[in-house]
S.K.: 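What follows is a single structure, and I will ask about it in a moment.
So that the names make sense, note that chain A is the first sequence line, chain B the second, and so on, each numbered from 1.
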Amino acid sequence: MTSKIAIDALSEAEAKLELARLAVELSAANAAYYTEDNPDLTDDAYDALKRRNSAIEKRFSHLKRDDSPSDQVGAAPADGFSKIAHEVAMLSLSNAFDAEDVMDFDGRIRKYLGLSTDTDLGFTAEPKIDGLSLSLRYEDGQLVHAVTRGDGAVGENVTSNALTISDIPHTLQDCPKVLEVRGEVYMSHADFTALNERQSERGGKVFANPRNAAAGSLRQLDAEITKSRPLRFFAYAWGALSDPLAPTQMGAITRLKELGFSTNPLTVLCDGPEAMLAHYAKIEEQRATLGYDIDGVVYKVDDLALQDRLGFRSTTPRWAIAHKFPAELAWTRLEGIDIQVGRTGALSPVARLQPVTVGGVVVSNATLHNEDYIKGLDSKGQEIRGGKDIRVGDWVQVYRAGDVIPKIADVDLSKRPTDAVPYQFPAICPECNSEALREPGDAVRRCSGGLICPAQAVEKLKHFVARGAFDIEGMGAKQVEQFYVDGWIKEPADIFTLKDRYGQGLQQLKNREGWGEKSANNLFQGIEDKRNIPLGRVIFALGIRHVGDAASNLLALHYETWDAFEAAMVDAQKHEGPAWDDLIDVDGVGAVMAGSVVSAFAQSGERASIDRLVAQLNIIPAERADTSGSPVAGKTVVFTGTLEKMTRAEAKARAERLGAKVSGSVSAKTDILIAGPGAGSKAKKAADLGVQTMDEDGWLALINAV
DNA sequence: TATCCTCGAGTTCC
DNA sequence: CTCGAGGATA
């Protein structure tokens, strides 16, 4: 090792050289540490090198290398974990709560695939481990990173922590070149109890349940702490893959086991819903003696080719479902009912409860949904809870729906105080005193105050900076609220002028509570980072009623640029004419949604606010998915008659994946008509218009020719 | 017109 | 995570 020159005395050339040397040295040390369990550097020496590297980078920030060791695998930056995007998204599962839901699941899949009830359809069934999911990426058999689920698209890099878990192999033999193994990190009951005993002896944090203990342990910035925590890992799925593991789910799990992963021994193959339910009962029976927490049973279509055909809805696969165990229940007293006002003005009642432990978590609030729910009625006027209403002072039974959202299941009328009165839902907004109206047929009551209602204004701003919208780092709900209260930010455009108005020398922001030079700089950087922003996010961020994530992206893909979108919305004001028709024609957009979007561009106040925002931004046009090479990209196709090889839903999904637009009726704009047996008027019209027509086989040949 | 499916908007706790 | 409602479909 060369002599250590004081960092202040380093010349630029020397710094550059030393950074290069440190990069090599540290990466060799990493490799030795992670692959051999036999580091050739002591921990202290390793840390010293790392610190020196960071110090030099800090002084000569422009010299920081692309392969800087401070960004490398296994290195958690001091202020948190680095983010890694999943090559294949980590989705959640839809849920089943009873046998009927499971039968429906089987039925839905058969319908989608066009399978009759007497065709064999196998499923795997396995316990759903209550831990946290983790994705492990192996390249050439080497673990290169471990990433938490995060929001499903981007997770946190916890590689150095994952490497301390003994169930996670560091290297694999005879595996695909690229292999992402997914599974659950969890802690056993015994280890959890022992850990909590140790923690309380030391005066450390005591965890509420094994899940929290596992999560807290995996997200330690110091991998040494994680190493001291007895975490385990079950592999049950995969992400990116260069070669298939097996033709079936069960085969793939077996293969993962052969590769050295722990897989759950209660994973079995079932020939249908009856067998699945039987296995569910068996697992439920063993639940208490398993030694680790599970919260249900997961069923997956076994045939991977069928999984592929079934594909995904927006957030869940069609080919899997989680059958949840019944929720834990607890009784407590309802101390009060508060009303919250959302960004659309919806008045939502929230129950304030005497704190009670439900499923290992202390709950003190629960949702009451809406006016009718408190009265004991559902949206169709049907009685729920036996028609019992909820009153302040009542003893209520609480559960966590889907083990997350606290809800009230029942009311004990025998314990109702004699002076309890039916809850009177407010008719004026508690935040701004505007009238709160309930549209006929609507379940929610809404504040009519619009942006004069401070609650609506703040909630809209929170939505604007939220994930999926502008997602500005350093600007969360708390910050938005503070800035709004102080009058620094009244509308989205103000965020982008914040620095000009208040950032002078950072003095003003710095003098505020909770803000220092660093956090202020980070915030301004976070804001600058989002000046360039994709069109879909901008539309979503506007917070237009009925226009969420999915619809925003549909609109963005349809109009491609902000200018085109805005011009069309202005042209469509009158709810008629070509611009309006074009909008309604977008698949997934109907009159209600269209009216809602258009009205955002009608009111001069809101329109002006949008214009002020757009003036601050560089909006990136939406790019249609790369369908180059697809023979049907950009074509409008219509299916008619009976399809024999696949269902309509499947045909539509596949066509869209290839960049085609699927329409319901034949017009001059139609490029291809796919006519099955029994095609009628549409085929005739297509012939009249001279539209290219083919049968299902012809279509399949066309799209498979890629 | 009725039914099914998907999405949006609301929710808690860590 | 659940509910309600909008949109597509039969």
Side-chain angles (χ1 to χ4, degrees), chain A residues 92-95 97 104 107-108 111-112 132 205 207-209 211-216 219 295-296 312-316 318 322 324 327 338-353 355-373 377-382 384 398-408 438-439 441-446 456 459-460 462-463 466 468 540 543-554 584-597 639-640 642 647-649 652-653 662-665:
Chain A
S92 47
L93 297 177
S94 49
N95 292 317
F97 295 99
D104 287 349
R108 243 191 341 263
K111 194 173 161 198
Y112 193 93
L132 56 155
K205 183 180 157 55
F207 294 98
N209 53 49
R211 206 198 101 84
N212 287 357
R219 298 191 73 259
D295 55 1
F312 301 88
R313 284 183 289 248
S314 56
T315 59
T316 58
R318 287 196 186 83
K324 300 304 253 328
D338 287 351
I339 299 288
Q340 294 182 352
V341 181
R343 81 180 149 89
T344 61
L347 268 49
S348 312
V350 179
R352 303 298 177 199
L353 306 166
V356 62
T357 304
V358 193
V361 176
V362 177
V363 166
S364 42
N365 302 304
T367 175
L368 290 170
H369 284 118
N370 56 48
E371 207 166 341
D372 287 348
Y373 187 85
L377 301 172
D378 74 5
S379 62
K380 294 173 199 107
Q382 301 284 310
I384 46 176
V398 181
Y399 70 104
R400 298 207 304 150
D403 276 336
V404 181
I405 311 287
K407 293 185 61 170
I408 290 177
R438 191 168 163 190
E439 300 285 332
D442 230 355
V444 294
R445 192 173 277 278
R446 287 200 155 80
Q456 285 192 53
E459 293 305 314
K460 267 199 120 148
K462 283 186 193 166
H463 171 79
F540 177 58
I544 299 165
R545 186 133 91 97
H546 301 137
V547 181
D549 200 12
S552 300
N553 284 314
L554 285 177
I584 297 282
D585 263 357
V586 177
D587 205 0
V589 177
V592 174
M593 197 190 283
S596 188
V597 193
F639 293 96
T640 187
T642 312
T647 64
R648 298 185 91 84
K652 184 169 181 232
V662 179
S663 171
S665 56

S.K.: Just call it for Ile544(A): base, sugar-phosphate, or nothing, with non-hydrogen atoms closer than 4.0 Å on any strand.
M.R.: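 The residue Ile544(A) makes sugar-phosphate contact but no base contact.
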S.K.: Nearest whole angstrom, please: distance from the P of dG7(C) to the CG of Asp585(A).
M.R.: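 Asp585(A) atom CG is separated from dG7(C) atom P by 13 Å.
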S.K.: Within this structure, what is the CZ-to-P distance between Arg545(A) and dA5(C), rounded to whole angstrom?
M.R.: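 Rounding to the nearest Å, CZ of Arg545(A) and P of dA5(C) are 10 Å apart.
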S.K.: Scan the side chains in residues 358-367 of chain A for donor-acceptor partners under 3.5 Å anywhere in the protein, sequence neighbours excluded, and list what turns up.
M.R.:
{"from": "Asn365(A)", "atom 1": "OD1", "to": "Arg352(A)", "atom 2": "NH1", "distance (Å)": "2.6"}
{"from": "Thr367(A)", "atom 1": "OG1", "to": "His369(A)", "atom 2": "N", "distance (Å)": "3.1"}

S.K.: Go through the structure and list residues passing side chain to side chain donor-acceptor pair (under 3.5 Å) with Lys460(A), not counting sequence neighbours.
M.R.: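 Side chain to side chain donor-acceptor pair (under 3.5 Å) list for Lys460(A), sorted by chain: empty.
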S.K.: Restricting to ring-ring contact (aromatic ring centres under 6.0 Å, His included), what partner residues turn up for His463(A), sequence neighbours left out?
M.R.: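 His463(A) satisfies ring-ring contact (aromatic ring centres under 6.0 Å, His included) with Phe540(A) once adjacent residues are dropped.
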S.K.: Please report, rounded to the nearest Å, how far the P atom of dT6(B) is from the CG atom of Asp104(A).
M.R.: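 Result: 13 Å.
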S.K.: At under 4.0 Å between heavy atoms, what does Val444(A) touch on the DNA or RNA strands: base, sugar-phosphate, or nothing?
M.R.: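 Nothing: the residue Val444(A), judged by heavy atoms under 4.0 Å, touches no strand.
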S.K.: Not counting sequence neighbours, which residues clear side chain to side chain contact (heavy atoms under 4.5 Å, CB included) with Glu459(A)? List them please.
M.R.: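 By the side chain to side chain contact (heavy atoms under 4.5 Å, CB included) rule, Glu459(A) matches Arg343(A), Lys462(A).
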S.K.: If I compare all heavy atoms of Ala443(A) with all of Asn370(A), which pair ends up nearest, and what's the gap?
M.R.: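 Closest approach of Ala443(A) to Asn370(A), heavy atoms only: O-CB, 3.6 Å.
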S.K.: Apply salt bridge (Lys or Arg N to Asp or Glu O under 4.0 Å) to Arg211(A) and list each qualifying residue two or more places apart in sequence or on a separate chain.
M.R.: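 Testing Arg211(A) for salt bridge (Lys or Arg N to Asp or Glu O under 4.0 Å), a comparison that skips the adjacent residues, returns none.
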S.K.: Using atom NZ of Lys407(A) as one end and atom C1' of dG4(C) as the other, report the distance to the nearest whole Å.
M.R.: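 Atom NZ in Lys407(A) sits about 12 Å away from atom C1' in dG4(C).
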S.K.: Round to a whole Å and report the spacing from CG of Asp549(A) to P of dT6(B).
M.R.: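 In whole Å, dT6(B) P lies 16 Å from Asp549(A) CG.
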S.K.: Please tabulate, one pair per line, each protein N/O and nucleotide N/O from nucleotides 10-14 of chain B that are separated by under 3.5 Å, including the distance.
M.R.:
{"from": "dG10(B)", "atom 1": "OP1", "to": "Thr344(A)", "atom 2": "N", "distance (Å)": "3.4"}
{"from": "dG10(B)", "atom 1": "OP1", "to": "Thr344(A)", "atom 2": "OG1", "distance (Å)": "2.4"}
{"from": "dG10(B)", "atom 1": "O3'", "to": "Ser348(A)", "atom 2": "OG", "distance (Å)": "2.8"}
{"from": "dT11(B)", "atom 1": "OP1", "to": "Gln340(A)", "atom 2": "OE1", "distance (Å)": "2.8"}
{"from": "dT11(B)", "atom 1": "OP1", "to": "Ser348(A)", "atom 2": "OG", "distance (Å)": "3.3"}
{"from": "dC13(B)", "atom 1": "OP1", "to": "Ser364(A)", "atom 2": "N", "distance (Å)": "2.9"}
{"from": "dC13(B)", "atom 1": "OP1", "to": "Asn365(A)", "atom 2": "N", "distance (Å)": "2.9"}
{"from": "dC13(B)", "atom 1": "OP2", "to": "Asn365(A)", "atom 2": "ND2", "distance (Å)": "2.9"}

S.K.: Could you check how far CG of Leu368(A) sits from C1' of dC1(C), rounded to whole Å?
M.R.: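 Computing the Leu368(A):CG to dC1(C):C1' distance gives 16 Å.
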S.K.: In whole Å, what is the span from the CG atom of Asn95(A) to the C1' atom of dT2(C)?
M.R.: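 Roughly 10 Å, once rounded to whole Å.
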S.K.: Rounded to whole angstrom units, what separation is found between the CZ atom of Arg108(A) and the C1' atom of dT9(C)?
M.R.: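 Whole-Å distance recorded here is 17 Å.
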S.K.: Would you call Arg438(A)-Asp372(A) a salt bridge at under 4.0 Å N-O?
M.R.: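 Salt bridge: yes.
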S.K.: If the cut-off is 4.0 Å, is Arg438(A) near the phosphate of dG4(C), judged by side-chain N/O to OP1 or OP2?
M.R.: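 No, outside the criterion.
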S.K.: May I ask you to say what Ala215(A) touches in the nucleic acid, namely base, sugar-phosphate or nothing, with a heavy-atom cut-off under 4.0 Å?
M.R.: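 No contact.
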